[in-house]
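Presented below is the structure to which this report refers.
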Amino acid sequence: TLQVGDTLEWSRETGWHILSTSSQESVIFTPFTASGTWTKPAGLKRVLVTCVGAGGGSGSGRQGAAASNRFGGGGGGGGAIVWRNISASDLTATVAVTIGAGGTAGASQASTGSNGNAGGAGGDTSFGALVIAKGGSAGGGGSTSAGTAGAGGASASCTPSYGPYAIAGSAGAAGNTTTTAAGGNGLSGSTGAPGGGGGGGINSTNTSGTAANTGGNVYQNGILIAGPVSGASPAGVANKSLFLSMSNTLNAGVGLGTGGAGNNLNGGAGGNYGAGAGGGSGTLDGTASGAGAIGGDGLCIVMEIY
């Protein structure tokens with residue numbers, strides 16, 4: 001039986017045979033940056049699905065008295081990345097795609113002598129029940145000790161949950177006072193989306209942080225793409241690692257963002273897609289602490305192979 005695209009050929013040596021088009025595959029990318037429904041097209045052979053969990057939101061800093069430690073909030077963790085090659089025969093006519101929302105920002109602390117607020121966890125991204133990528137955990141609020149770092153989305157909570165199909169997101173960095181704390185890198189060996197930097201603060205000798213809490217870098221085909229540093233533009237940058245579909249030439253035009261930077265004011269949002277946010281700063285009583293920021297949303301890319 002001839003399939004669409006097949007050619008029937010006769011030769012004296014071999015007689016009749018079918019020239020399959022399998023060696024001349026074509027590819028179409030269907031990226032989802034918002035939840036929706038994927039519909040199986042006619043003639044499909046298989047799909048390579050890539051899901052990225054959303055990045056964790058970051059915590060805000062502590063507002064506290066002079067001569068006390070006022071730590072910044074922790075950076076959010078990056079989302080996990082999961083790949084799965086699925087035959088067309090194993091797919092239903094439609095598949096629900098759910099895109100995880102970036103974790104919420106820890107609100108600025110307006111009260112004196114009060115700890116910062118934690119951010120929210122990043123949501124999971126899924127392609128039906130076949131592929132699930134876990135979102136990154138939230139950064140904690142700063143106190144008289146460091147705001148806790150958000151963990152990256154755990155590969156054990158993904159579907160499939162084992163390597164090389166699932167890799168955990170990179171962790172954010174803990175909040176700090178005068179030291180620097182950079183978020184973990186993304187697509188660096190065995191890590192998924194990058195984490196956010198820790199928020200700056202003020203120590204018990206009233207020395208302020210140095211405002212160099214860099215957002216997590218990402219790698220694209222082995223090339224390092226630096227995350228932002230603290231300052232006027234601490235937010236992560238979107239789509240800096242595009243080649244997610246097991247190819248160094250094919251990409252869907254969307255990819256991982258860099259982590260948000262921790263700051264000596266408000267933290268920076270995680271870059272779309274999947275990156276953790278940077279933490280907000282600790283402050284002296286009478287000045288609202290630096291707010292946390294939102295994590296980058298999740299992503300699903302369906303590479304359709306014909």
Side-chain angles (χ1 to χ4, degrees), residues 1-6 18 20-55 78-101 122-136 152-169 186-187 189-193 220-221 239 241-256 272-274 296-306:
T1 301
L2 294 178
Q3 305 298 319
V4 175
D6 287 346
I18 296 172
S20 173
T21 59
S22 61
S23 61
Q24 301 175 5
E25 292 178 333
S26 60
V27 169
I28 294 176
F29 283 101
T30 303
F32 288 85
T33 58
S35 298
T37 301
W38 177 83
T39 300
K40 182 167 69 172
L44 182 74
K45 293 178 180 176
R46 63 187 185 279
V47 294
L48 176 62
V49 178
T50 305
C51 284
V52 180
I81 306 178
V82 182
W83 294 270
R84 192 165 193 177
N85 196 342
I86 308 169
S87 172
S89 61
D90 293 328
L91 294 165
T92 55
T94 60
V95 179
V97 177
T98 301
I99 301 300
D124 300 346
T125 295
S126 61
F127 181 80
L130 296 168
V131 187
I132 303 172
K134 188 69 178 175
S155 58
S157 299
C158 296
T159 301
S161 60
Y162 44 85
Y165 307 106
I167 56 175
L187 276 188
S190 59
T191 57
Q220 177 163 284
N221 285 353
N239 298 321
S241 186
L242 300 178
F243 295 95
L244 299 180
S245 298
M246 304 296 184
S247 171
N248 62 1
T249 58
L250 296 173
N251 72 78
V254 290
L256 302 182
N272 275 344
Y273 293 91
D297 291 336
L299 173 68
C300 179
I301 301 171
V302 184
M303 187 172 79
E304 302 166 356
I305 302 169
Y306 299 87

Taking all atoms of both residues into account, what is the closest heavy-atom pair of [X] and [Y], and its distance?
{"X": "Gly153", "Y": "Ala80", "answer": "O-CB, 3.5 Å"}
{"X": "Ser190", "Y": "Ile167", "answer": "O-CB, 3.9 Å"}
{"X": "Gly100", "Y": "Ala54", "answer": "O-CB, 3.5 Å"}
{"X": "Asn272", "Y": "Asp297", "answer": "OD1-N, 2.8 Å"}
{"X": "Ser126", "Y": "Cys51", "answer": "C-SG, 4.1 Å"}
{"X": "Thr159", "Y": "Arg84", "answer": "CG2-NH1, 4.2 Å"}

Exercise. Going by atom types only, do Ser245 and Ser247 share a side-chain donor-acceptor pair under 3.5 Å?
Worked result: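 There is no such pair (donor and acceptor under 3.5 Å, judged by atom type) between the side chains of Ser245 and Ser247.
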For this session: Could you list the residues that satisfy ring pair (Phe, Tyr, Trp, His ring centres under 6.0 Å) with Phe243, not counting sequence neighbours?
Result: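 Phe243 satisfies ring pair (Phe, Tyr, Trp, His ring centres under 6.0 Å) with no residue once adjacent residues are dropped.
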For this session: Could you list all the side-chain hydrogen bond (donor to acceptor under 3.5 Å, both in side chains) pairs where at least one residue sits in residues 35-44, not counting sequence neighbours?
Result: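 Residue pairs passing side-chain hydrogen bond (donor to acceptor under 3.5 Å, both in side chains), neighbours aside: Trp38-Glu304.
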Just wondering, do [Y] and [X] contact through their side chains at under 4.5 Å, heavy atoms?
{"X": "Val49", "Y": "Val95", "result": "no"}
{"X": "Gln220", "Y": "Leu242", "result": "yes"}
{"X": "Leu44", "Y": "Leu91", "result": "yes"}
{"X": "Asn85", "Y": "Arg46", "result": "yes"}

Problem set entry | Phe127: which of Thr98, Val302, Ile301 passes side chain to side chain contact (heavy atoms under 4.5 Å, CB included) |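 The option that passes is Val302.
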Exercise. Hey, which of Asn239, Leu299, Ile81 is the one that makes side chain to side chain contact (heavy atoms under 4.5 Å, CB included) with Leu256?
Worked result: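 So the option named by the test is Ile81.
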Exercise. Between the side chain of Trp83 and the main-chain N/O of Leu244, is any donor-acceptor distance below 3.5 Å?
Worked result: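 At least one qualifying donor-acceptor pair exists.
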Problem set entry | Under 3.5 Å donor-acceptor, Thr125 side chain and Val52 backbone |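 Indeed, once roles are kept as given, a pair shorter than 3.5 Å links the two residues.
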Exercise. Distance from Cys158 atom SG to Asp124 atom CG, nearest 0.5 Å?
Worked result: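 It is 7.5 Å, given to the nearest 0.5 Å.
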For this session: Applying side chain to side chain contact (heavy atoms under 4.5 Å, CB included), run through Leu250 and Phe29 and close with a yes or a no.
Result: CA-CA 9 Å; Leu250 296 173; Phe29 283 101; 3.9 Å; yes
